[in-house]
Amino acid sequence: MKITSRSVSISPVGGSAGTASVDSAEPVATGAAENAPLQAATLGPAQAALEAMPEIDNARVAAVRDALARGEIQFDAKRLAGLIERFHGGRG
């Protein structure tokens with residue numbers, strides 16, 4: 001099975017950041033538009049690294065499959081089912 005839905009796009013909120021005049025008598029509120037350049041600078045490299053990664057690590061999948069076939073690791077379907085159930089809130 002191959003998962004191909006990887007179209008996640010992160011863009012700054014509020015468009016391009018411009019300059020604004022500030023009246024010294026009123027405090028300035030920090031909003032999403034003012035944080036957008038910082039978010040883009042922080043998230044940009046992370047997004048690029050994520051896009052460069054393969055969707056499936058085929059070498060790792062092959063190694064696990066081979067280890068299962070050789071009996072080096074055991075597959076416990078009941079334990080896996082319990083972990084999935086717990087992750088999705090089935091058990092406390």
Side-chain angles (χ1 to χ4, degrees):
M1 171 179 15
K2 183 172 182 176
I3 300 172
T4 59
S5 177
R6 189 185 274 235
S7 60
V8 176
S9 176
I10 300 173
S11 59
V13 177
S16 62
T19 59
S21 65
V22 177
D23 183 6
S24 60
E26 295 181 29
V28 176
T30 356
E34 293 160 347
N35 292 331
L38 176 62
Q39 290 176 351
T42 303
L43 295 177
Q47 182 180 6
L50 180 63
E51 289 172 356
M53 292 175 59
E55 290 187 34
I56 298 173
D57 186 349
N58 290 323
R60 179 75 175 141
V61 170
V64 170
R65 183 179 48 232
D66 293 343
L68 281 166
R70 289 189 303 267
E72 294 174 0
I73 57 176
Q74 299 297 315
F75 176 72
D76 185 352
K78 188 174 182 178
R79 182 168 182 250
L80 177 61
L83 291 170
I84 291 170
E85 204 172 282
R86 188 171 69 195
F87 178 80
H88 289 288
R91 287 191 258 182

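Rounding to the nearest 0.5 angstrom, the gap separating the CG atom in L50 from the CG atom in L43 is 11.0 Å. How far NE2 of H88 is from CG of L83: 11.0 Å, rounded to the nearest 0.5 Å. The line from CZ of R65 to CG of N58 is 8.5 Å long, rounded to the nearest 0.5 Å.
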Pairs under 3.5 angstrom only: tabulate donor-acceptor contacts from the side chains of residues 66-74 to other protein residues two or more places apart or in another chain.
residue: R70; atom: NE; partner: E72; partner atom: OE2; Å: 2.7
residue: R70; atom: NH2; partner: E72; partner atom: OE1; Å: 3.1
residue: Q74; atom: NE2; partner: G71; partner atom: O; Å: 3.4

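Across all non-hydrogen atoms, the minimal contact from A40 to P45 is O-CD, 4.4 Å.
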